[in-house]
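In what follows, a structure is listed as C-alpha cells, so that the remarks can point back to it.
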Amino acid sequence: MKFLIVLATYNGQKYIKEQIDSILNQENVGIDILVGDDNSTDNTVPVIKENFPEISILQNNPGTGSAASNFLKMIKNLNFKEDFDYVAFADQDDIWLPDKMNSACELLEKSKSELYCSNLTKWDTSNNTYTLLKKDFPQKKFDYLFEGGSAGCTYVFTKHFAKKLQEFLLTLDSSDWKGFSHDWLIYFFARSRNYKVAIDGNSYIHYRLHEENVHGHLNKLSFATIKEKSQHVLDGYYQNQIKNYIKYLSPNSIEYNIYKEFLGNYFRRNRVIWKYNTQLMRDNKKFLIFALLNLLKFK
C-alpha cells in the first residue's frame, strides 16, 4: 500500500529531521511525503532540502496562519492522479513508531472504514515521561457534533475519502472561524456524511509536548490546563464552533435541531444537553464536566 503523508511545518527546524526519519522508517508500506511550510522564518525548509531532497515542499507565502489551515490547504490542492492509496497527517515534532501506517491500513481494511484515528502517547520532554492519551472511547450517536475523533496527527484516510473531503473543503470558508480545528472538522465531515470511522485503541505515535507546542500544553494534566479549558467553555467556545458547523447540516435533521437548541437560551441549551446526555461525547467524564460548566454558564 502507498501512503501520502501530508506534513505541516512552521519554524520546526529543531525536530523536523527526526520526525521525517521516523516517517520514512515505516515498515511494509510505500511512503511519499508532501510538506506544506507555512512561511517559516527559521531553517526548517533548508534542513528538509539538505537532508531529504526528494521531498516536495509547498511554501505558503503568506502563511495560512495555523496548522489546521495549512493541512486543509494541502488537501484542497491534492492531485488525485498521483499514485497513493491513503493519506495521513503528520505534525512536525512527533515520532512515529515503525508500524504506524501498516497498522492503520490493516484496521481500515478489516473494519471497512474510510477514516482512521487512534490513541497516542504523550511524550513530556520536560521530564522524559510517556503517558497514554486515550481517545478510543466507544463512538456515540452525536459525538461528532461536539468533538473530534482524536488528534489530527493520528488521522489516516482512504483516497476516496480524501477526494470527497477535498470537494467539501472547496465549499468551506474558515477565514473567520475562531478556534478552527481540522481534527474536529474532518471527524464531523466523516460522521455527518455516514463514513465509517475506526478509532484504534493502540498508540503508534509519541506526541511530543514541549515549550513551543501551540496546543500540546492542553494535554498536560494540571490546574492551569483545567482552568484554561473550563474558561474556553464559559467563554462560548462550543457556541462559536456550532455557529459554523450548523451550516453544513440539513435543517430537517436531528443534528441540526440539537445545534439550534444549543444555540438558544440557557434553558434550551441545558435541556438539549440533558436530553441527549452521553450520546454527545464518548468520554463520560468529559461529558459530565461539559454539562456542569454549561449549568454555570448563564450567557
Side-chain angles (χ1 to χ4, degrees), residues 68 115 117-120 122 131-152 154-155 177-194 197-201 207 215-299:
L115 173 65
C117 53
S118 73
N119 289 341
L120 55 165
K122 294 185 293 182
T131 310
L132 184 71
L133 183 55
K134 184 175 175 60
K135 296 291 185 177
D136 68 322
F137 300 99
Q139 293 176 62
K140 302 298 178 68
K141 187 174 183 179
F142 302 115
D143 62 356
Y144 63 93
L145 298 180
F146 291 89
E147 61 183 355
S150 183
T154 70
Y155 282 20
W177 191 328
K178 184 179 179 182
F180 176 68
S181 163
H182 65 294
D183 313 356
W184 186 354
L185 178 78
I186 292 174
Y187 187 63
F188 170 89
F189 171 75
R191 293 289 308 280
S192 64
R193 270 63 179 175
N194 295 316
V197 180
I199 306 180
D200 196 340
Y207 182 66
H215 299 298
H217 69 287
L218 293 176
N219 289 306
K220 291 186 178 182
L221 182 59
S222 67
F223 175 76
T225 297
I226 294 171
K227 182 180 178 182
E228 184 174 348
K229 286 185 174 181
S230 298
Q231 194 60 51
H232 283 171
V233 177
L234 296 174
D235 288 342
Y237 169 78
Y238 285 99
Q239 282 86 348
N240 290 333
Q241 302 308 306
I242 287 168
K243 286 175 184 176
N244 288 285
Y245 281 118
I246 196 171
K247 301 172 188 176
Y248 304 102
L249 293 172
S250 168
N252 299 319
S253 65
I254 296 175
E255 292 85 351
Y256 184 94
N257 187 62
I258 289 172
Y259 270 171
K260 187 177 179 181
E261 290 294 298
F262 190 88
L263 291 173
N265 62 31
Y266 175 86
F267 297 102
R268 290 173 64 189
R269 181 177 77 246
N270 283 286
R271 183 169 64 243
V272 79
I273 290 172
W274 292 105
K275 178 179 179 180
Y276 293 100
N277 55 75
T278 56
Q279 294 182 74
L280 303 181
M281 290 182 175
R282 297 189 302 278
D283 181 356
N284 290 338
K285 290 181 180 178
K286 180 180 177 182
F287 167 74
L288 286 174
I289 294 170
F290 166 78
L292 289 172
L293 287 172
N294 273 282
L295 284 173
L296 297 174
K297 176 178 167 54
F298 294 100
K299 292 184 180 180

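For the pair Glu147 and Asp283, the minimum side-chain heavy-atom distance is 4.5 Å or more. With contacts defined as side-chain heavy-atom distances shorter than 4.5 Å, the pair Tyr187/Gln139 qualifies. In this structure, the side chains of Leu145 and Leu249 come closer than 4.5 Å at one or more pairs of heavy atoms. Tyr256 places none of its side-chain heavy atoms less than 4.5 Å from the side chain of Glu261. Counting heavy atoms from C-beta outward, Ile273 and Phe290 have side chains that approach closer than 4.5 Å. Between Lys260 and Val272, every side-chain heavy-atom pair lies at or beyond the 4.5 Å cut-off. Side chains of Leu115 and Phe189 form no contact here, defined as non-hydrogen atoms less than 4.5 Å apart.
The CD1 atom of Ile289 lies 7.0 Å from the OG atom of Ser230; values are rounded to the nearest 0.5 Å. Between Asp200 atom CG and Leu120 atom CG the span is 11.5 Å, to the nearest 0.5 Å. Here the straight-line distance linking atom CG of Asn257 with atom CG of Asn252 works out to 10.5 Å at 0.5 Å rounding. Here NZ of Lys135 is found 10.5 Å from CG of Leu132. Values are rounded to the nearest 0.5 Å. To the nearest 0.5 Å, atom CG of residue Leu280 and atom OH of residue Tyr144 are 11.0 Å apart. Distance check, rounded to the nearest 0.5 Å: CZ of Phe142 to CD1 of Ile258 gives 4.0 Å.
Taking every heavy atom of both residues into account, Cys117 and Thr154 meet most closely at CB-OG1, 3.4 Å. What you find for Lys140 and Met281 is that their closest heavy atoms are CG-O, 3.5 Å. Ala190 and Val197 get closest at one heavy-atom pair: CB-CG2, 3.8 Å. When all heavy atoms of Tyr276 and Ile254 are compared, the pair lying nearest together is OH-CG2, 3.8 Å. In terms of heavy atoms, Gly149 sits closest to Ile199 at O-CD1, 4.2 Å. Here the closest non-hydrogen pair linking Phe262 and Ile242 is CD2-CD1, 3.3 Å.
Sorted by first then second residue, the side-chain hydrogen bond (donor to acceptor under 3.5 Å, both in side chains) pairs that include residues 237-251, not counting sequence neighbours, are Trp177-Gln241.
At least one donor-acceptor pair closer than 3.5 Å links the side chain of Lys297 to the backbone N or O of Leu234. Put simply, the side chain of Ser150 gets close to the backbone of Ser118: a donor and an acceptor are under 3.5 Å apart.
None of Lys286, Arg282, Lys285 except one satisfies the side-chain contact (heavy atoms from CB on, under 4.5 Å) rule with Phe137; the exception is Arg282.
At a cut-off of 3.5 Å, with distance as the only test, a side-chain donor of Gln231 or Asp235 sits close to an acceptor on the other residue.
Taking a 6.0 Å sphere around CZ of Phe298, one finds it holds more than 12 heavy atoms contributed by other residues, nucleotides or ligands. More than 12 heavy atoms of other residues, nucleotides or ligands lie within 6.0 Å of NZ in Lys134, so this atom counts as buried by the packing criterion.
Legend: residues meeting side chain to side chain donor-acceptor pair (under 3.5 Å) with Asn294, ordered by chain and number and at least two apart, are Arg269.
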